[in-house]
2 protein chains.
Amino acid sequence: MRARTAPKPDSRLRRGSGRVTMDEVARLAGVSTSTVSRVLREPGAVSDSLAGRVRSAVDRLGYVPNLMAGGLAAARGRTVGVVVPSILNSFFAGTIDTLSGLLSSAGWQVLDGSTDYSEAREEALVEAFLAWSPAAMVLTGLRHSERTVRLLRAARIPVVEMWDVSEGAIDIAIGFSHRAAGRSMTQYLIEKGRRRIVFVGAIMTSDQRAAQRAEGYREAVTAAGLPATVIDLPSRSSVALGGPALADLLVRQVEMDALYCSNDVLALGALFECQRRGIAVPQHLSIAGFGDLDFAASCVPPLTTIRPPREAIGRETAAMLLARFAGQTHLRRAVDLGFDLQIRRSA
Amino acid sequence: MRARTAPKPDSRLRRGSGRVTMDEVARLAGVSTSTVSRVLREPGAVSDSLAGRVRSAVDRLGYVPNLMAGGLAAARGRTVGVVVPSILNSFFAGTIDTLSGLLSSAGWQVLDGSTDYSEAREEALVEAFLAWSPAAMVLTGLRHSERTVRLLRAARIPVVEMWDVSEGAIDIAIGFSHRAAGRSMTQYLIEKGRRRIVFVGAIMTSDQRAAQRAEGYREAVTAAGLPATVIDLPSRSSVALGGPALADLLVRQVEMDALYCSNDVLALGALFECQRRGIAVPQHLSIAGFGDLDFAASCVPPLTTIRPPREAIGRETAAMLLARFAGQTHLRRAVDLGFDLQIRRSA
DNA sequence: TTGAAAGCGCTAACAA
DNA sequence: TTGTTAGCGCTTTCAA
């Protein structure tokens with residue numbers, strides 16, 4: 001039992017943060033801090049007259065609530081941690097934009113971080129975010145280190161794994177099947193009469209989803225009795241990487257009438273290489289990508305690719321989380337949002 | 001167990017997070033919480049034997065410190081808020097990557113958010129971040145709403161404004177002169193014999209730095225006695241926007257032998273349009289950009305552009321902040337990191 | 001509808 | 001070097 005009979009001394013003089021506190025707002029409005037807190041958190045639970053006084057005090061003082069204190073008192077912060085492989089990569093940017101927008105307008109803050117396709121960085125990031133007592137965590141993909149999974153389960157909060165819907169989600173999976181995407185595109189190429197299709201990916205041991213698209217490619221090509229050739233480049237995808245990759249294939253005289261790239265960035269690099277060498281696309285070589293990035297529709301020729309449901313993933317994730325926060329618990333565990341085959345002129 | 005009329009819909013509101021606390025660690029290690037706290041924050045201040053016991057207790061329990069509690073008690077969190085116009089745009093991604101990496105390995109967490117080039121969103125973001133009691137704030141550019149500036153000053157923490165070094169920084173400016181960049185490129189084009197140079201930018205009322213590059217262009221062109229033509233497109237930069245912009249110029253029969261785009265994305269779009277129309281670059285039309293993005297070196301022809309010190313800005317910002325956190329106070333207020341003219345074949 | 005009071009989990013004076 | 005103790009600023013019982 002702590003005896004705290006004496007009135008609280010002006011705390012600002014002691015270990016001063018210099019910031020306006022709820023206490024000052026309460027004093028100016030002539031109410032208790034509980035009332036101020038209520039006005040901010042559940043308006044409607046407070047009479048209009050008091051609420052008005054509180055609000056004008058907030059304005060006059062320029063009060064900004066201290067989220068650390070709030071989160072600590074409430075045992076859970078109003079934050080959501082979001083972990084993606086890369087923000088440099090515009091794939092995820094569309095999802096994050098949508099997700100952050102929706103969540104933040106509902107009063108939640110999203111913290112995001114990128115792993116650079118490393119499980120170790122992912123683990124560190126999850127641990128760092130968990131230290132904020134987030135109300136939920138959103139990860140990319142379904143493969144994580146054992147410890148990451150353990151930490152996440154121990155946190156007992158909603159966990160969304162996005163951009164994939166294969167088996168084994170921790171809690172909720174929202175995305176689409178990369179295997180099916182790989183299969184679809186390959187089948188399309190076969191229908192168009194291509195017989196020697198080469199798949200090129202980058203760091204596919206780290207990029208699980210690219211590996212799954214390669215798997216889908218393998219299935220389709222094998223089912224058609226055609227040979228499978230998968231190239232896994234050792235560095236991160238970049239436009240600069242696509243050209244040399246194609247050049248290498250050419251030097252090695254690999255028989256090939258279609259190049260299926262694990263993403264549009266690589267495909268654009270390959271396309272540039274074709275322009276440089278005067279290889280006619282798609283007459284001599286079909287080129288296909290994945291992602292439907294900004295440039296895919298305007299490059300020459302425009303790129304045949306797969307459009308993932310970037311924004312839909314963000315929207316669905318936000319909706320799912322908000323529903324969980326509101327107490328709904330019997331929600332779907334997996335949401336397959338599908339994808340679109342964008343047929344353009346490159347293949 | 002008593003029946004309740006309205007069961008708490010949300011377990012988040014329950015007291016007790018179920019997380020391992022420092023108290024439990026202390027108990028297991030047979031020490032006080034202060035000792036645990038010290039081991040975690042200033043190792044060396046604790047004897048090896050105790051430190052060892054504490055560390056193994058931390059491991060066994062899987063203890064993750066609660067940053068809310070820590071930040072609250074310490075009056076300042078170990079976070080740094082970073083605000084950029086866009087993460088979709090790879091300009092800033094390089095800076096953020098470098099900055100976050102450096103800061104996080106020094107034990108600081110960066111929170112980042114994007115404003116989508118809106119001052120109002122910037123203000124909201126700054127306010128949201130300030131609610132976390134960050135140890136410092138990093139913004140992009142030097143123009144902000146009055147209230148943003150007021151909030152920032154009131155926070156009494158280091159504030160870095162990056163990517164620009166013109167006048168009027170709140171605290172510290174780290175970047176380069178966009179005006180000089182615009183001038184340099186334009187002078188180069190003039191030296192190469194170009195006489196009708198058109199500048200194309202996008203949403204330049206919001207993108208202050210693009211506007212400054214346009215200003216530099218204007219100065220250079222005027223100084224040379226040449227006409228200035230500045231086009232300001234109404235939507236955000238995208239590859240898809242560059243083609244139509246050039247097409248429009250062509251339709252309007254604007255006299256032009258060089259197109260200076262406010263960034264590489266627009267330039268790439270224009271380049272594709274040239275390919276489509278069979279306009280020889282640079283023979284018929286020179287194309288120049290800004291940013292030196294991934295594709296600039298590999299497109300056809302490779303793009304003449306300006307390389308901003310993306311990573312250096314991140315590095316310098318981190319160094320400056322870390323120095324300030326360490327108590328150094330007499331630091332430079334502005335750091336001009338310069339830029340590189342990358343001459344390639346498109347101009 | 002409102003207020004008083006008891007912490008949330010941690011850090012930092014201060015003592016020992 | 002270590003422990004004791006008093007809060008950090010807020011939320012949430014609980015009682016009025």
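Below, chain A is the first sequence line, B the second, and so on; all start at residue 1.
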Whole Å only: how far is the CD atom of A/E42 from the C1' atom of D/dT11? 10 Å
Please give, in whole Å, the distance from D/dT11 P to A/L40 CG? 7 Å
Given DNA chain C, 5'-ward residue of the pair A/L72 and B/G71, judged by closest heavy atom: A/L72
Rounded off to whole Å, could you give me the CG-to-P distance for the B/D23 and D/dG3 pair? 13 Å
Taking the side chain of B/A73 as heavy atoms from C-beta outward, which of D/dT12, D/dG9, C/dT11 is closest to it? C/dT11
Among the nucleotides D/dC10, C/dG9, C/dT11, whichever has the atom closest to the side chain of A/M22 is D/dC10
What is the distance, to the nearest angstrom, from the CG atom on B/N66 to the C1' atom on D/dC8? 13 Å
Indicate whether any N or O donor in one side chain lies under 3.5 Å from an N or O acceptor in the other, for A/T95 and A/W163. yes
Give one of base, sugar-phosphate or nothing for B/L50, where a contact means two heavy atoms less than 4.0 Å apart. sugar-phosphate
Side chains of A/S145 and A/E123: do they bring a donor and an acceptor to under 3.5 Å? yes
Check the side chains of A/E122 and A/H144 for a donor-acceptor pair under 3.5 angstrom, ignoring hydrogens and angles. yes
Sidechain-backbone polar pair: B/S105 side chain, B/L102 backbone, donor-acceptor under 3.5 Å: yes
Run the side-chain contact (heavy atoms from CB on, under 4.5 Å) test against A/A169 and tell me which residues pass, sequence neighbours left out. A/L142, A/E161, A/A173
Without decimals, in angstroms, what is the distance between A/R41 CZ and D/dT12 P? 7 Å
For B/L67 and C/dG9, what is the distance between atoms CG and C1' respectively, to the nearest whole Å? 11 Å
Would B/D59 and B/R55 pass as an ion pair if we require N to O under 4.0 Å? no
Can you list the residues that meet the side-chain contact (heavy atoms from CB on, under 4.5 Å) rule with A/A124, with sequence neighbours excluded? none
Among residues 30-39 of chain A, which residues get a heavy atom nearer than 4.0 Å to DNA chain C? A/V31, A/S32, A/S34, A/T35, A/R38
Measure from CE on A/M68 to P on C/dG9 and round the result to the nearest Å. 16 Å
Take atom CZ of A/R53 and atom P of C/dT1, then tell me their distance rounded to the nearest Å. 16 Å
